[in-house]
Asker: 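Quick one: this structure, given as C-alpha cells, is what I'll be asking you about.
The first residue of the sequence shown is numbered 1, and numbering continues consecutively from there. Please read these numbers as outputs of a predicted model, since none were measured by experiment.
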Amino acid sequence: MTAAAVPSVASLVQSVDWLAIAPPTIAAVVALVVLVADLFLGERRKALLGWVSVAGLAAAALALLPLLDGDRSTFCLKTLKGEQAACSYTADHFTLVIQFLVLAGALLTALLSITGIKDAKNTPRALPEGEFWFLLLSSAAGAALLPASRDLATLVVALEVASLPAFALVGIKRDDRRSSEAALKFFLSSVTATAVTLLGVSFVYATTGTLHLTRIATALTHVDGQFHTLAQAGVVLTLVGFAFKTAAAPFHFWVPDTYVGAPLPVAAYLSVIGKAVGFSGIILVTVVAFPSYADVWGPALAVLAALTMTVGNVAALRQQATRAYSAVRLLAWSSVGQAGYLLVPIAAAAYSKDADKAIGSTVAYALMYAAVNLGAFAVAALVARTKPLNRISDYRGLYRSRPLAALVLGFFLLCLAGLPPGIIGLFAKVTVFSAAVDAGLGWLAVVMAVNVVIALYYYLQWTATLFRSAEGEQAVQRIPAPLTAAIGLTAVIGVALSGAPQMVLRFASTGLF
C-alpha cells in the first residue's frame with residue numbers, strides 16, 4: 001500500500017453521531033423489542049406491548065431536545081485533508097420540526113390504537129398485537145429518518161421503510177375483504193410510484209455522478225447540453241413517489257378505499273404521517289437538490305396543487321351523509337384537498353427569493369393539519385365504538401349525548417375550514433395564500449380561494465349535524481383513558497396553537513436549512 005493511499009482508506013472509517021440519529025434509532029430498537037417480547041408474553045399480558053410502544057415513541061420524541069443546540073451531521077464524505085464534503089444524515093431545524101410532527105403523530109396514533117385493539121379483542125375483527133405494534137414503530141422509524149436524509153439513496157430507503165409496514169397495517173384486519181383489497185391497491189400503486197422514482201434517481205445520478213443532495217445541486221448548474229433533457233426527466237420522475245405519498249392528484253386514487261379498509265387509527269396515521277413523509281421528500285429534492293431546475297418543478301407543482309385541492313374538495317362535497325363509512329370517506333377526500341394547500345408554498349418557493357419563508361408556510365400548515373386531523377379521527381374512533389358504519393348521519397345529536405366530544409370535533413372541523421374559533425386554521429390558510437401571492441402565482445391563489453369556499457360547505461354541514469336533534473336514544477359508553485388522552489391532547493394543542501398562531505410560523509420557518 002502506498003503512502004498516498006493511506007488517507008483515503010482512513011477517510012472511509014467514520015465515527016457515528018449517535019445523538020443525532022437517536023430519534024429514529026430509538027423507534028427502531030423499540031420495534032425489535034416489541035417483536036421479540038410478543039413471542040414470550042401470554043395473551044393476557046400482550047396489552048403491555050401497546051404501552052411499551054407509547055413509551056418508546058415518547059422517548060424518541062424526547063431525544064429531539066438535546067439536538068436543539070445546533071445542526072449535527074453524520075455519515076459524511078470527507079476529503080483527503082479530513083474536511084467534511086457531504087453528509088447523508090443531517091439533524092437541522094427542518095429535520096427536528098418534521099421528526100417532532102412524525103413522532104408526536106405516531107404517539108397519538110398509538111393511543112388511539114390501544115383502544116381499538118382492546119375493543120376488537122375476542123371478536124372476529126381481532127388484531128395481532130405484536131405484529132401491529134412492530135409495524136407501527138417500524139413505519140414511524142422510517143418516517144423519522146426521511147427528513148434527515150441528505151442523499152437520494154437514503155431518501156428512497158427511508159421512504160420504503162415508512163411505506164412497507166404501512167401496507168401490512170392497512171391489511172392487518174384478518175378475514176376482512178375490504179381491508180385486503182385496500183392493502184393490495186395501496187401496495188400496487190405505491191410500488192409503481194417507487195419504480196418511477198428510482199428511474200428518476202438513476203437519471204439524476206447519470207447526469208451528476210452523485211447522490212448527495214448538495215452535490216447534485218452544484219452539479220446540475222453545469223450539466224452538459226446533451227444531458228439537459230435527461231436531467232429534466234430525472235427531476236420530474238424523482239418527484240412522483242413523493243407526490244404519491246402526499247396523495248396529490250392524479251396519484252390520489254388509493255386514498256378513500258385505503259382509509260375505509262384500514263383500521264381507523266391506521267387511516268389517521270396515513271393521513272398525517274404519510275403526508276409528512278411525502279412533503280418532506282418533495283421539499284428536500286426540490287429546494288435542496290434541484291433549485292437550478294425550479295423552472296421545471298415549480299410549474300409542475302403549481303398545477304399539481306390546483307388539481308389536487310379541486311379534486312379533493314369536489315369529491316368530499318359529493319359524499320352522502322347516510323352512506324356507510326361516509327365520515328371516513330369525507331376525511332379521506334378532505335385530506336386530498338388539504339394536500340393541495342400544502343403544495344402551494346412549495347410551488348411558490350420556485351418563484352420566491354426567500355425559499356425558506358415559503359417552505360416555512362408549508363411546515364406551519366402541516367403542524368396545524370396534523371393536530372386537528374388526528375383529533376377529528378380520534379372523535380371518529382369514539383363514535384365508531386357504538387356506530388361501526390361511521391356515517392355522517394351517525395353524528396347527529398352528538399352534542400346531546402357527548403357535548404365535549406361534539407364541541408371538540410366542531411372545533412377541529414372549523415380549523416380545517418379556516419373559520420373562527422379555529423384561528424390556527426385561518427392563520428395557516430392566510431399564510432399559504434400569502435405565499436402564492438408573494439410569488440406572483442395569482443391564478444393559484446384564486447383557485448385556492450374558490451376551493452376554500454367549496455370546503456366551507458361540507459365542513460359546516462358536518463358541524464351543524466353535531467347539534468341537530470338525534471333520532472332515538474343515543475348509546476353512551478365509558479370512554480377509555482387512551483382515547484380520552486388522544487382527544488384531549490389534540491384539543492389542547494389546537495386551542496394553544498389558535499392562541500399563538502404566529503409562534504407556529506416562527507418555529508416552522510426560522511433557519512430551516
Asker: Once rounded to the nearest 0.5 Å, what's the spacing between atom OG1 of Thr362 and atom CG of Leu342?
Answerer: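 If I round to the nearest 0.5 Å, the distance is 6.0 Å.
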Asker: Tell me the closest heavy-atom pair linking Ala417 and Val452, and the distance in Å.
Answerer: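 That would be O-CG1, 4.2 Å.
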Asker: Please check this pair: side chain of Thr310 against backbone of Leu307, looking for a donor-acceptor N/O pair closer than 3.5 Å.
Answerer: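 A pair under 3.5 Å: no.
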Asker: Please check if the side chain of Thr208 supplies one atom and the backbone of Leu220 the other of a donor-acceptor pair under 3.5 Å.
Answerer: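 Not a single qualifying donor-acceptor pair exists.
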Asker: Would Leu460 and Leu414 count as a side chain to side chain contact (heavy atoms under 4.5 Å, CB included) if you check the C-alpha gap in whole Å, the side-chain angles of each, and the deciding distance to 0.1 Å?
Answerer: CA-CA 7 Å; Leu460 290 177; Leu414 291 176; 3.8 Å; yes
Asker: When you compare the side chain of Ser190 with that of Leu164, does any pair of heavy atoms fall below 4.5 Å?
Answerer: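 Sidechains of Ser190 and Leu164: no contact.
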Asker: Side chains of Pro24 and Gln99: does their closest heavy-atom pair fall under 4.5 Å?
Answerer: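 Yes, at least one pair of side-chain atoms sits under 4.5 Å.
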Asker: Ser163 side chain to Glu160 main-chain N or O, any donor-acceptor pair under 3.5 Å?
Answerer: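 No; zero donor-acceptor contacts below 3.5 Å.
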Asker: Which atoms form the tightest heavy-atom contact between Leu304 and Ala249, and what is the distance?
Answerer: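 Reported closest heavy-atom pair: CD1-O, 2.9 Å.
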Asker: Consider only side-chain N and O atoms of Thr90 and Ser73, and report whether a donor and an acceptor are under 3.5 Å apart.
Answerer: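 Yes, because at least one side-chain N or O of Thr90 sits under 3.5 Å from a partner of the opposite role on Ser73.
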Asker: Hey, does the side chain of Thr214 reach the backbone of Ala289 with a donor-acceptor pair shorter than 3.5 angstrom?
Answerer: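 Such a contact is absent between Thr214 side chain and Ala289 backbone.
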Asker: When you measure from the side chain of Thr197 to the backbone N and O of Gly241, does any donor-acceptor pair fall under 3.5 Å?
Answerer: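 Between the backbone of Gly241 and the side chain of Thr197 there is a qualifying donor-acceptor contact (under 3.5 Å).
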Asker: Out of curiosity, Ile282 CD1 to Thr246 OG1, how far, rounded to the nearest 0.5 Å?
Answerer: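 Going from CD1 on Ile282 over to OG1 on Thr246, the span is 4.5 Å.
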Asker: Run the side chain to side chain contact (heavy atoms under 4.5 Å, CB included) test on Phe132 and Leu169 for me, step by step, so that the C-alpha distance in whole Å, both residues' side-chain angles and the decisive distance to 0.1 Å come before the verdict.
Answerer: CA-CA 7 Å; Phe132 181 92; Leu169 284 171; 3.7 Å; yes
Asker: Supply the atom-to-atom distance Phe100 CZ to Leu65 CG, rounded to the nearest 0.5 angstrom.
Answerer: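 One gets 9.5 Å once the value is rounded to the nearest 0.5 Å.
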Asker: With ring pair (Phe, Tyr, Trp, His ring centres under 6.0 Å) as the test, pick out the partner of Phe186 among Phe251, Phe167, Phe253.
Answerer: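 Running ring pair (Phe, Tyr, Trp, His ring centres under 6.0 Å) over Phe251, Phe167, Phe253 with Phe186 returns exactly one hit, Phe167.
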Asker: Of the non-hydrogen atoms in Leu112 and Ala486, which two are nearest, and what is the gap between them?
Answerer: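 Smallest heavy-atom distance, with atoms named: CD2-CB, 3.8 Å.
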Asker: In terms of side-chain heavy atoms, does Thr95 have a donor or acceptor partner in Tyr89 at a distance below 3.5 Å?
Answerer: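 Distance-only check fails for Thr95 and Tyr89.
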Asker: Checking Ser139 side chain against Leu136 main chain: does a donor-acceptor pair fall under 3.5 Å?
Answerer: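 The answer is no, because no donor-acceptor pair under 3.5 Å joins these two groups.
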Asker: If you take all heavy atoms of Val336 and Ala247, which pair is closest and at what distance?
Answerer: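 Residues Val336 and Ala247, closest heavy atoms: CG1-O, 3.7 Å.
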Asker: Between Thr207 and Phe203, is there a donor-acceptor pair closer than 3.5 Å when you use the side chain of the first and the backbone of the second?
Answerer: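 Yes.
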Asker: Quick one, Val379 and Thr490 - any side-chain contact, counting heavy atoms below 4.5 Å?
Answerer: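 Heavy-atom side-chain distance check fails, nothing below 4.5 Å.
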Asker: Is a donor from one side chain sitting under 3.5 angstrom from an acceptor on the other, for Tyr325 and Asp257?
Answerer: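 Looking only at side-chain atoms, Asp257 and Tyr325 do not form any donor-acceptor pair under 3.5 Å.
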Asker: Between Phe187 and Val191, is the side chain to side chain contact (heavy atoms under 4.5 Å, CB included) condition met? List the steps.
Answerer: CA-CA 6 Å; Phe187 172 75; Val191 166; 3.5 Å; yes
Asker: Could you give the distance from CG (Leu331) to CH2 (Trp333), rounded to the nearest 0.5 Å?
Answerer: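 Here the rounded value is 13.5 Å.
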Asker: May I ask you to test the Gln338-Asn373 pair for a side-chain heavy-atom distance under 4.5 Å?
Answerer: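 They are not in contact (no side-chain heavy atoms under 4.5 Å apart), so the answer is no.
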Asker: Any side-chain heavy atom of Leu19 sitting closer than 4.5 Å to one from Arg72?
Answerer: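 Side chain of Leu19 against side chain of Arg72, heavy atoms only: contact under 4.5 Å found.
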Asker: Side-chain contact test, heavy atoms from C-beta onward, threshold under 4.5 Å: evaluate it for Ile359 versus Asp356 and give yes or no.
Answerer: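 No, every pair of side-chain atoms sits at 4.5 Å or beyond.
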Asker: Output the distance between atom OH (Tyr293) and atom CD1 (Ile216), rounded to the nearest 0.5 Å.
Answerer: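 Rounded to the nearest 0.5 Å, the OH-CD1 separation comes out at 12.0 Å.
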Asker: Ignoring hydrogens and angles, tell me if any N or O in the side chain of Tyr269 forms a donor-acceptor pair with the backbone of Ala140 under 3.5 Å.
Answerer: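 Yes: the side chain of Tyr269 pairs with the backbone of Ala140.
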Asker: When you measure from the side chain of Tyr369 to the backbone of Ser271, do you find a donor-acceptor pair of N or O atoms at a distance under 3.5 Å?
Answerer: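 Indeed, once roles are kept as given, a pair shorter than 3.5 Å links the two residues.
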Asker: Could you point out which residue of Lys185, Arg177, Arg178 forms a side chain to side chain donor-acceptor pair (under 3.5 Å) with Glu181?
Answerer: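 The residue from Lys185, Arg177, Arg178 that satisfies side chain to side chain donor-acceptor pair (under 3.5 Å) with Glu181 turns out to be Arg177.
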Asker: For the residue pair Asn313 and Tyr458, confirm or rule out a side-chain donor-acceptor distance under 3.5 Å.
Answerer: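 Judged by distance alone, the side chains do pair up.
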Asker: Can you name the one residue among Val54, Leu127, Val34 that meets side-chain contact (heavy atoms from CB on, under 4.5 Å) with Trp133?
Answerer: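 Option passing the side-chain contact (heavy atoms from CB on, under 4.5 Å) with Trp133: Val34.
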Asker: What I'd like to find out is whether the side chain of Phe242 reaches to under 4.5 Å of the side chain of Val285, using heavy atoms alone.
Answerer: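 A side-chain contact exists here, since the closest heavy-atom pair is under 4.5 Å.
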Asker: Give the C-alpha distance, both sets of side-chain angles, the deciding distance and a yes or no for side chain to side chain contact (heavy atoms under 4.5 Å, CB included) between Gln320 and Ile392.
Answerer: CA-CA 8 Å; Gln320 300 176 356; Ile392 295 174; over 6 Å; no
Asker: Going from NZ on Lys245 to OG on Ser280, what distance comes out if it is rounded to the nearest 0.5 angstrom?
Answerer: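 Nearest 0.5 Å value for the NZ-OG distance: 13.5 Å.
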Asker: Look at the side chain of Thr286 and the backbone N and O of Ile283, then say whether any donor-acceptor pair between them is shorter than 3.5 Å.
Answerer: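 Here the side-chain-to-backbone pair exists.
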Asker: Determine whether the aromatic ring centres of His212 and Phe75 lie less than 6.0 Å apart.
Answerer: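 No, they do not, as the ring centres are separated by 6.0 Å or more.
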Asker: Would you name the heavy atoms of Val255 and Ser335 that are closest together and state the gap between them?
Answerer: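 Nearest pair, atom of Val255 first, then Ser335: CG1-OG, 4.2 Å.
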Asker: Are the side chains of Phe377 and Tyr259 in touch, meaning some heavy atoms are under 4.5 Å apart?
Answerer: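 Answer yes - side chains close enough.
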Asker: If you look at every heavy atom in Ala153 and Leu211, which pair is closest and at what distance?
Answerer: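 Smallest interatomic distance, heavy atoms only, reads CB-CD1, 3.9 Å.
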